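Side-chain atoms are counted along with the backbone in the values below, which use heavy atoms only and exclude waters and symmetry mates. Letters A, B, ... are given to chains in the order of the sequence lines, protein chains preceding strands, and every chain is numbered from 1. Predicted model, so just to flag it, every value in this text is computed and none were measured.
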Number of protein chains: 2
Amino acid sequence: MQITRAGEYGVLGMMYLARRDDGAARKTAMIDEVSRAEKVPKSFLAKIFQNLARAGLVKSVRGAGGGFVLAKTPTEITVLEIVEAIEGKITFQRCKQDKPDCKHIGGCALCGLFEQAQGGLTDVLTRTTLDDLIKRQERIDTTHDHSAGRLSNSQKDAIVR
Amino acid sequence: MQITRAGEYGVLGMMYLARRDDGAARKTAMIDEVSRAEKVPKSFLAKIFQNLARAGLVKSVRGAGGGFVLAKTPTEITVLEIVEAIEGKITFQRCKQDKPDCKHIGGCALCGLFEQAQGGLTDVLTRTTLDDLIKRQERIDTTHDHSAGRLSNSQKDAIVR
DNA sequence: TTATTTTAGGACAGAATCAGTCCTATTTAA
DNA sequence: TTAAATAGGACTGATTCTGTCCTAAAATAA
């Protein structure tokens, strides 16, 4: 169980893609664009997007004019999917996975509790879709500052180049 | 955010202590005894118990006949307290802690979500006391095998020596 | 065809964390 | 005074994290 930078960057990247393709036109975004917009190391982000592509969350388009697009709509993608695509299955439940018959005294109860705690965590991440996350952000943006547009200024900068 | 071996061993050690001091008589248990009973490396466990002692969850008694005792009753100790005493505050909420004004596009919503997910996790661990954990284990023991006693056989072995 | 632009994937590396070990105090009981 | 216990610091090998870099492959544009 962990949420690493990679997972964090992955979600941010997905949020960028989701906000970027406005309505019907699903445009690709290059790694370079995303990395500059989200201020995340480019080659690291490239690796992360490879994982997202392999997991079928984004589609990659090679060659000039290529980049990445969401493979599904934001309402169909959960945050847990994103994170697990990058970091592997989330689990901090130890003894059971290491040895099916755990020999700890009281170990089983502990495993059970950890499993439950982990459930508390993953439930939240499963219930939240990419779309939810973006709507949250929009609420924050419109109440805290006055940029009501779909793209923030730094995103526009990144696109214009 | 992580649950490491150290945290796991710590909870197991605390469970051992709690099960051991039967009723009124709060007896000390040595690291050596606990480590053999729970099959956990002794010197590692010693370090872990130092943390538990510093956090005020156990009291240490030095010298011959010494060892560790719970500082409170099992109903007053939550699993989260134990884990955090060993691993430090549980948090996988990144940007906010690193830089109070997170500059990620959509970062704030993400931070919020992570905070919420973390809450889902810690809630479970806060709500579960050491006593709850032991009762869970007793239910498992009595339904799965037929050692209905307060101490398991391996615990008795550990005490008898 | 060739050059250019993009991702794919593997190798590598420095830093941090994990999971311990070991050694030397220090405290206490006998 | 000796033996038995914890306290605490230093150290270490293994693993994981957080990247970078380089070459290959694919697609486009000239």
**Request:** State, to 0.1 Å, how close B:Asn51 and B:Ile86 come at their nearest heavy-atom pair, and which atoms those are.
**Result:** ND2-O, 4.1 Å

**Atom pair CD1 (A:Ile82) and CG (A:Leu125), whose distance is rounded to the nearest 0.5 Å** = 10.0 Å

**Fill in**
So CG of B:Leu121 and CD of A:Gln116: to nearest 0.5 Å the spacing works out to 10.5 Å

Take the protein atom [atom1] of [X] and the nucleotide atom [atom2] of [N], then report the distance between them rounded to whole Å.
X	N	atom1	atom2	result
B:Ile48	C:dC18	CD1	P	12 Å
B:Arg36	D:dA5	CZ	P	11 Å
B:Phe49	C:dG20	CZ	P	16 Å
B:Met30	D:dA4	CE	C1'	9 Å
A:Leu45	C:dA8	CG	C1'	14 Å
B:Gln50	C:dT21	CD	P	15 Å
B:Asn51	D:dA7	CG	P	10 Å
A:Phe44	D:dC17	CZ	P	9 Å

Polar side-chain atom of [X] near backbone of [Y] as donor-acceptor pair, under 3.5 Å:
X	Y	result
B:Glu87	B:Ala6	no
B:Gln137	A:Ala109	yes
A:Thr28	A:Val69	no

Polar atom pairs between nucleotides 26-30 of chain D and protein, under 3.5 Å, N or O only, would you list them?
{"from": "D:dA26", "atom 1": "O4'", "to": "A:Arg62", "atom 2": "NH1", "distance (Å)": "2.7"}

**Asked** Just checking A:Phe68: base, sugar-phosphate only, or nothing, at a heavy-atom cut-off of under 4.0 Å?
**Response** sugar-phosphate

**Message:** Under 4.0 Å, heavy atoms only, any strand: does A:Ala6 hit a base, just the sugar-phosphate, or nothing?
**Reply:** sugar-phosphate

**Message:** Side chain of B:Pro41, heavy atoms from C-beta onward: which of C:dG20, D:dT6, C:dA8 has the nearest atom to it?
**Reply:** C:dG20

**Message:** With a 4.0 Å limit, can you tell me whether B:Tyr9 has a side-chain N or O closer than that to the phosphate oxygens OP1/OP2 of C:dG20?
**Reply:** yes

**Prompt:** When you check the gap from the basic side-chain N to the acidic O, do A:Lys135 and A:Asp131 get nearer than 4.0 Å?
**Reply:** yes

**Item:** Ion pair check, B:Arg19 and B:Glu138, cut-off under 4.0 Å
**Value:** no

**Prompt:** Taking atom types as they are modelled, is there a donor-acceptor pair under 3.5 Å from the base of C:dG20 to the side chain of B:Lys47?
**Reply:** no

**Item:** A:Asp32 and A:Ser35: side chain donor to acceptor below 3.5 Å
**Value:** no

**Message:** So if I take residues 52-60 of chain A and measure heavy-atom distances to DNA chain D, which residues fall below 4.0 Å?
**Reply:** none

